[in-house]
Amino acid sequence: MSGFHAARGAFLASPASASWRDLAVFRDGTLARACTAVDAERAAGHVVAPAPERFLAALALTPLDRVRVVILGQDPYPTPGHANGLAFSYVGPPPLPRSLVNIYKERAEDLRLVAPAGGDLSDWAKQGVLLLNTALTVREGATQAGSHLKLGWRAVTDEILAAVSQRRPHVVFILWGGPAQAKRTLIDETKHLVIASAHPSPLSARRGFFGSKPFSQANDWLKAKGEEPVAW
């Protein structure tokens, strides 16, 4: 696939987009403009993550009509080879990204589960956990976190979150970090649960992420609403 514009078109033509494509952001040029901005970054010589065919992977694996949990982060891993289109997920050789290591530590403490050897979170996505970032792309590089936050992704992810809030009956929104928590106003908290904490990054995990128990909180609330818990 030649670029993000082409990948957008392929996604919208695929069965995987069926539950998402009626959102205005996919029809009014908003997503197209963001993709054009990202392709311009690539044309200028920047390496962008994730690969074009993966940047909408979260939507492809988690249809709107199946969303039960949203885990919202800031942007994809900027480390070369780490991002795969699912927030916090990683497919590759050790070591795991440090944010994911901390997520597994909190999961182990919260649910008394042994940490998996790998970092692929696609099984969560297939259970209805939308693994979304506030920006869907980033420049690769150690100092590039947040580099695409102003490339038009805000309008895209805001509409996705608002649609989940409006159309789904009971969803747990797990907001990790400041950019994610800034989206809280898009969520109808009269029918959804919000769990907000520090980001699992090593820079902030000890300032409120560790000990937040998001996994057990989410499952307890889902069960109370008559929903199946997530097999974390």
Side-chain angles (χ1 to χ4, degrees), residues 1-43 46 48-67 69-78 83-89 125 128-140 144-168 171 173-188 192 194 199:
M1 196 150 304
S2 61
F4 287 83
H5 226 301
R8 174 196 63 87
F11 171 75
L12 292 177
S14 72
S17 72
S19 67
W20 294 106
R21 69 170 76 107
D22 71 317
L23 271 61
V25 72
F26 296 111
R27 296 181 285 103
D28 64 7
T30 302
L31 177 62
R33 286 189 291 274
C35 290
T36 296
V38 177
D39 281 335
E41 284 267 291
R42 296 173 79 220
H46 300 292
V48 173
E53 62 271 18
R54 294 291 305 172
F55 87 106
L56 292 169
L59 305 185
L61 284 179
T62 311
L64 175 55
D65 56 8
R66 291 188 57 210
V67 175
V69 178
V70 176
I71 293 181
L72 188 63
Q74 176 177 293
D75 52 0
Y77 294 126
N84 66 8
L86 303 177
F88 302 105
S89 181
V129 180
L130 181 63
L131 296 165
L132 191 69
N133 283 306
T134 61
L136 300 186
T137 60
V138 70
R139 287 184 191 174
E140 284 193 349
Q144 295 300 324
S147 53
H148 282 186
L149 292 177
K150 296 181 179 180
L151 285 191
W153 290 125
R154 177 178 178 177
V156 175
T157 55
D158 279 5
E159 183 157 348
I160 290 169
L161 293 168
V164 172
S165 178
Q166 292 162 11
R167 301 188 188 189
R168 299 295 294 144
V171 174
F173 289 83
I174 301 175
L175 311 180
W176 286 338
Q181 290 176 41
K183 305 292 188 179
R184 191 166 187 162
T185 57
L186 300 170
I187 302 164
D188 181 354
H192 304 301
V194 172
H199 193 278

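Worth saying up front: this structure is predicted, and the values here are computed from it rather than measured. Note that these values count all heavy atoms, side chains included, but never hydrogens, waters or copies made by symmetry.
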Worksheet item: Any donor-acceptor pair under 3.5 Å linking the side chain of Ser14 with the backbone of Phe11?
Response: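 Present.
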Kindly compute the distance separating [atom1] ([X]) from [atom2] ([Y]), expressed to the nearest 0.5 Å.
X      : Y      : atom1 : atom2 : result
Thr62  : Leu86  : OG1   : CG    : 7.5 Å
Ile187 : Leu175 : CD1   : CG    : 5.0 Å
Arg184 : His192 : CZ    : NE2   : 13.0 Å
Glu41  : His148 : CD    : NE2   : 3.5 Å
Leu151 : Leu136 : CG    : CG    : 11.0 Å
Arg168 : Arg66  : CZ    : CZ    : 9.5 Å

Worksheet item: Can you check side chain to side chain contact (heavy atoms under 4.5 Å, CB included) on Val138 and Gln74, steps first, answer last?
Response: CA-CA 10 Å; Val138 70; Gln74 176 177 293; over 6 Å; no
Could you report the tightest heavy-atom contact between [X] and [Y], atom names first, then the distance?
X      : Y      : result
Ala155 : Val25  : O-CG2, 4.1 Å
Ala49  : Ala83  : CB-CB, 4.0 Å
Arg21  : Phe26  : O-CB, 3.9 Å
Ala180 : Leu72  : CB-O, 3.4 Å
Pro76  : Pro50  : CG-CD, 4.0 Å
Ala24  : Glu159 : N-OE2, 2.8 Å

Worksheet item: Which is it for Asp22 and Arg167 under the salt bridge (charged side-chain N to carboxylate O under 4.0 Å, His left out) test, yes or no, and what are the steps along the way?
Response: CA-CA 12 Å; Asp22 71 317; Arg167 301 188 188 189; 3.2 Å; yes
Worksheet item: Between Trp176 and Phe88, does the ring centroid distance fall short of 6.0 Å?
Response: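 Under 6.0 Å, so yes.
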Worksheet item: Looking at Asp75, Thr30, Asn133, Thr137, which one forms a side-chain hydrogen bond (donor to acceptor under 3.5 Å, both in side chains) with Trp153?
Response: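 Of the listed residues Asp75, Thr30, Asn133, Thr137, the side-chain hydrogen bond (donor to acceptor under 3.5 Å, both in side chains) partner of Trp153 is Thr137.
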Worksheet item: Would you say the side chain of Leu59 lies within less than 4.5 Å of the side chain of Leu64, judging by non-hydrogen atoms?
Response: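 Leu64 vs Leu59: side chains apart.
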Worksheet item: Do the side chains of His46 and Ser147 get nearer than 4.5 Å, heavy atoms only?
Response: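 They are not in contact (no side-chain heavy atoms under 4.5 Å apart), so the answer is no.
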Practice prompt. Could you please spell out the steps behind the side chain to side chain contact (heavy atoms under 4.5 Å, CB included) verdict for Phe4 and Val48?
Written response: CA-CA 10 Å; Phe4 287 83; Val48 173; 3.7 Å; yes
Discussion item. Show, in sequence, the C-alpha distance, side-chain angles and deciding distance for Asp188 and Gln166, and conclude whether the side chain to side chain contact (heavy atoms under 4.5 Å, CB included) test is met.
Written reply: CA-CA 7 Å; Asp188 181 354; Gln166 292 162 11; over 6 Å; no
Item to complete: Test side chain to side chain contact (heavy atoms under 4.5 Å, CB included) on Phe173 and Leu161 and set out the steps.
Response: CA-CA 9 Å; Phe173 289 83; Leu161 293 168; 4.2 Å; yes
Item to complete: Verify the neighbour count for atom CZ of Arg154: are there more than 12 heavy atoms of other residues, nucleotides or ligands below 6.0 Å?
Response: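 Check fails, neighbour count at 12 or below.
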Discussion item. We want to know whether Asn84 and Ser89 form a side-chain donor-acceptor pair, criterion being a heavy-atom distance below 3.5 angstrom.
Written reply: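 A donor-acceptor contact under 3.5 Å links the two side chains.
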